[in-house]
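When a residue number appears, it is its place in the shown sequence, counting from 1.
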Amino acid sequence: MSSQIAKKINSLREKIRENDHKYYVLAQPSISDRDYDKLIKELEALEAKHPELITADSPTQRVGSDLTKEFKTVEHKIPMLSLSNTYSEDELYDFDRRNKEGISAGEKIEYVVELKIDGASVSINYVNGILKTAATRGDGTAGEEITNNVKTIKSVPLIIKKDNSVKYKLKDFEVRGEIFMKVKDFENLNKEREKRGEKVFANPRNSTAGTLKLQDPKVVAKRPLNIFVYNLVSLEEELKSQEENLNTLKKLGFKVNEHFKKCSSIDEVIDTCHKFEKIREKLEYEIDGAVIKVNLIKQQNKLGSIAKAPRWAVAFKFKSKQAVTKIKDITWQVGRTGAVTPVAELEPKFLAGSTISRATLHNFDEIVRKDIRIGDTVVIEKGGDVIPKVVEVNLKERPSGSRKTKPPENCPVCGSKLFKPENEVAYYCENTECPDQVKGRIEHFASRGAMDIEGLGESLIDLFVEESFLKTYADIYKMKKIKADLMAIERLGEKSVTNLINSIEKSKEKTFDKVLFALGIRYVGSGAAKKLAAHFKSMDRLIEASEEDITSVHEIGESISKSVKRFLSDKHNRKNIEALKKAGLKFSFAESKTAIIKDNFFKDKTFVLTGSLLNYTREDAEEKIIHFGGNTSSSVSKKTDYVIAGEKAGSKLDKAKSLGVKILDEAAFTKKISEINS
Ligand code: IVH
């Protein structure tokens with residue numbers, strides 16, 4: 001009896017998988033929605049009666065009910081490389097020439113040209129044919145595990161298709177691809193969000209990346225995520241070519257983009273890139289270029305990689321999308337540093353995935369140089385795709401009513417007199433309590449790379465600052481005392497206030513370098529914060545340090561050290577830091593890092609990096625060492641414990657040898673890391 005039920009369950013699963021493949025992968029549905037729902041219901045009913053027969057690869061198991069409390073870091077078995085960009089035909093000819101120089105004389109090179117999908121990259125691991133884990137790219141060596149969210153995407157198979165023409169064993173392999181949203185789906189999602197009073201996403205890429213990091217797979221399942229895969233990587237087997245790779249992926253049931261072409265010369269590659277640029281407008285999803293890959297894997301291996309990118313592949317970036325619109329007004333906006341910048345308020349225009357109604361004008365000098373006036377017709381462009389800019393003004397057909405603008409004398413938000421430092425183009429509002437500055441600073445403080453306070457986003461911060469709940473960073477940590485007041489706000493229910501307070505409490509675990517970055521000291525980005533924190537180890541020592549001491553830190557220049565000194569000499573800032581300390585934030589590595597770092601190879605040793613590593617950038621390698629409690633230094637001395645030598649290591653390696661300092665090559669370095677992780 002039970003074996004008959006098992007058979008029935010299996011046959012239902014097979015049918016559903018077959019239909020999912022036809023519908024979501026091939027876009028060729030073969031049964032009606034009603035019949036499909038019937039199959040699902042039947043399977044659900046049988047599984048409910050026989051829970052012992054439920055397996056992780058059953059189509060009913062796509063959407064889990066558990067929340068992902070924390071996205072675990074996972075090391076990629078094979079690094080996820082990125083691509084160097086090219087922008088011109090000349091650069092593609094150079095790429096071809098370098099490839100020819102890198103392989104044996106006389107060998108022919110074929111290329112495969114693909115679309116560069118503008119989404120979020122993912123690596124999915126299949127073991128014995130079943131989806132096991134999925135991870136974001138992260139820094140290329142390690143990403144975050146997002147398995148529960150990726151499983152909800154119907155075009156991602158939970159189990160691979162059997163195909164006898166695939167000769168590889170593929171017991172354990174990874175599939176690399178791009179998760180994205182179709183432009184129409186993205187627009188509909190934004191419309192719904194707007195109706196519900198929620199914040200809209202800037203573009204399909206942000207919307208995809210944001211969705212993949214949601215904690216509730218049920219919410220993810222409702223979002224229109226999609227995938228194109230472009231690479232199968234396996235440690236056990238070597239495929240012959242990229243073309244074969246794509247065809248194998250298709251046979252295994254994955255969704256591969258239909259637009260790819262094998263080319264036998266660089267001229268054909270260039271021609272294909274231009275053809276792809278032309279079809280860009282007609283596609284249902286966003287692309288930002290073409291990817292050109294050497295076809296034969298043997299040749300790829302011979303060419304190898306440098307730092308984070310392969311030598312055998314490049315991206316050919318398409319020109320930024322432009323549109324013509326009109327400037328309705330020029331307004332002035334106050335940023336978190338107090339800089340007051342002009343913004344063009346535009347007649348709304350749809351461009352590259354979103355509707356643009358504002359563009360930055362950078363500063364007043366730029367307005368004068370380009371002679372930008374209110375009423376002008378302008379060409380706007382999405383460059384790095386985030387904040388659009390005005391690239392050109394139509395001076396010939398300037399309407400008679402166009403008006404020049406000039407910078408305000410007073411802050412448009414708080415009214416205080418503006419100040420323009422000599423040698424700077426920006427005007428500044430010097431009132432540190434100016435609400436827009438406070439909002440901007442708190443937004444930065446709570447943002448993902450800083451204290452990462454989930455739920456404390458732009459709109460809540462605006463509200464809290466306007467209602468005077470938040471004036472300084474330290475007020476964030478007092479919010480638990482005013483829980484009742486917060487719950488009285490119409491938009492906020494008990495659950496969301498509790499969640500917010502929990503994530504505020506959790507942020508106290510952030511390490512000193514993150515706290516230092518979160519403070520928003522001018523010029524101190526996350527990289528500089530890491531270096532300063534690693535060097536000085538505590539805020540007290542950083543406060544005591546002279547400008548000279550700070551500049552002596554590797555890669556910390558004068559403008560950073562001046563800015564740090566200025567910030568830390570200000571009594572308001574010092575008061576704030578004290579309050580944050582009291583709240584329990586970490587202002588030294590002694591309380592955070594060394595206390596929690598177990599003994600390991602790197603701990604308390606000093607390392608010098610030299611030469612180029614294949615699988616890590618200099619920054620990544622330094623980060624790893626610091627993460628495990630070690631130090632890095634830029635010069636070799638007797639105090640150096642190890643020199644990590646990559647390709648083409650030069651004088652530092654010689655010096656290490658002459659001083660008898662121990663040397664690690666990249667493989668040994670990677671081994672030391674994996675020993676800790678295992
Ligand atoms: S290949 C070793 N192919 O572009 C090759 N990447 O800037 C690594 N991307 O992180 C990537 N479409 O997220 C490749 N057809 C395609 C792609 C593609 C989009 C993304 C991918 C990668 C980024 C590199």
Side-chain angles (χ1 to χ4, degrees), residues 141 307 511-517 524 526-558 560-561 564-565 568 586-677:
T141 40
T511 46
F512 173 41
D513 54 326
K514 300 270 184 200
V515 177
L516 185 59
F517 170 58
V524 180
S526 59
K530 258 186 212 135
K531 290 189 182 110
L532 292 170
H535 186 93
F536 291 102
K537 306 255 181 332
S538 77
M539 184 55 106
D540 292 342
R541 287 185 53 197
L542 183 58
I543 289 173
E544 278 165 25
S546 69
E547 225 175 277
E548 246 179 5
D549 294 338
I550 302 175
T551 321
S552 74
V553 180
H554 182 49
E555 284 176 359
I556 297 293
E558 210 179 292
I560 297 182
S561 62
V564 170
K565 249 351 269 176
L568 294 178
K586 296 184 168 159
F587 279 95
S588 82
F589 274 143
E591 299 156 33
S592 55
K593 286 217 146 175
T594 40
I596 52 166
I597 293 175
K598 286 188 291 196
D599 252 352
N600 71 69
F601 170 76
F602 294 94
K603 195 172 171 190
D604 300 330
K605 293 195 184 104
T606 302
F607 295 80
V608 173
L609 288 149
T610 176
S612 56
L613 301 173
L614 291 180
N615 293 314
Y616 311 83
T617 60
R618 185 64 63 92
E619 283 248 298
D620 289 342
E622 280 179 359
E623 198 173 304
K624 289 253 165 341
I625 294 167
I626 291 166
H627 175 78
F628 292 123
N631 297 305
T632 57
S633 160
S634 54
S635 57
V636 181
S637 73
K638 279 187 189 153
K639 286 189 201 152
T640 312
D641 291 297
Y642 284 91
V643 163
I644 298 171
E647 264 186 40
K648 301 209 182 98
S651 61
K652 288 184 195 171
L653 181 58
D654 298 340
K655 189 160 178 201
K657 282 180 185 159
S658 74
L659 290 175
V661 172
K662 282 173 256 165
I663 294 157
L664 290 181
D665 62 9
E666 181 169 349
F669 175 58
T670 307
K671 197 162 163 248
K672 293 285 180 203
I673 294 173
S674 54
E675 280 168 5
I676 304 174
N677 286 331

Look up atom OG in Ser552 and atom NE2 in His535, then write down how far apart they are to the nearest 0.5 Å.
5.0 Å
Sorted by chain and number, sequence neighbours left out, ring pair (Phe, Tyr, Trp, His ring centres under 6.0 Å) with Phe517 holds for His444
Leu568 side chain near Met539 side chain, heavy-atom distance below 4.5 Å:
yes
To the nearest 0.5 Å, tell me how far Leu614 CG sits from Glu666 CD.
4.5 Å
Counting C-beta onward and ignoring hydrogens, is there a side-chain heavy-atom pair between Leu532 and Val564 closer than 4.5 Å?
yes
Run the side-chain contact (heavy atoms from CB on, under 4.5 Å) check on Lys639 and Thr606 step by step: do they pass?
CA-CA 7 Å; Lys639 286 189 201 152; Thr606 302; 5.9 Å; no
Given side-chain contact (heavy atoms from CB on, under 4.5 Å), test Tyr616 with Ile673 step by step and report yes or no.
CA-CA 12 Å; Tyr616 311 83; Ile673 294 173; 3.8 Å; yes
Heavy-atom closest contact (Thr632 atom, Glu622 atom, distance):
CG2-CG, 3.9 Å
Chi angles and distances behind the side-chain contact (heavy atoms from CB on, under 4.5 Å) call for Ile626, Lys530:
CA-CA 9 Å; Ile626 291 166; Lys530 258 186 212 135; 5.6 Å; no
Counting only N and O atoms by type, is there a donor-acceptor contact under 3.5 Å from the side chain of Lys565 to the main-chain atoms of Ile560?
no
Which heavy-atom pair separates Ser635 from Val608 by the least distance, and what is that distance?
O-CG2, 3.5 Å
Lys/Arg cation over aromatic Phe601: Lys605, 6.0 Å, 45° cone:
yes
Closest non-hydrogen atoms of Ala533 and Leu516, given as atom of the first, atom of the second and distance, are N-CD2, 4.1 Å
By salt bridge (charged side-chain N to carboxylate O under 4.0 Å, His left out), which residues pair with Glu547, not counting sequence neighbours?
Lys562
Ignoring hydrogens, what is the shortest heavy-atom contact between Ala534 and Asn631? Give both atom names and the distance.
O-OD1, 4.3 Å
Side chains of Ser538 and Asp540: do they bring a donor and an acceptor to under 3.5 Å?
no
side-chain hydrogen bond (donor to acceptor under 3.5 Å, both in side chains) with Thr551: which residues, sequence neighbours excluded?
Ser561
Show me the donor-acceptor pairs, under 3.5 Å and distance only, between side chains in residues 643-657 and residues at least two apart or in other chains.
residue: Lys652; atom: NZ; partner: Ser634; partner atom: O; Å: 3.1
residue: Lys655; atom: NZ; partner: Val636; partner atom: O; Å: 3.0

Verify side-chain contact (heavy atoms from CB on, under 4.5 Å) between Ile625 and Phe669, making sure each step is shown before the conclusion.
CA-CA 10 Å; Ile625 294 167; Phe669 175 58; 4.0 Å; yes
Which class fits the ring pair Phe602 and Phe607: parallel under 30°, tilted 30 to 60°, perpendicular over 60°?
tilted
Interatomic spacing from NZ in Lys586 to CZ in Phe512 - rounded to 0.5 Å
13.0 Å
Work out which heavy atom in Val661 is nearest to a heavy atom in Thr640; give both atom names and the distance.
CG1-O, 3.7 Å
Partners of Asn600 by side-chain hydrogen bond (donor to acceptor under 3.5 Å, both in side chains), sequence neighbours excluded?
none
Which pair of heavy atoms, one from Leu613 and one from Ala621, lies closest together, and at what distance?
CD1-CB, 3.9 Å
Those residues at least two apart in sequence (or on a different chain) that pass side chain to side chain contact (heavy atoms under 4.5 Å, CB included) with Ser546 are Glu548, Asp549
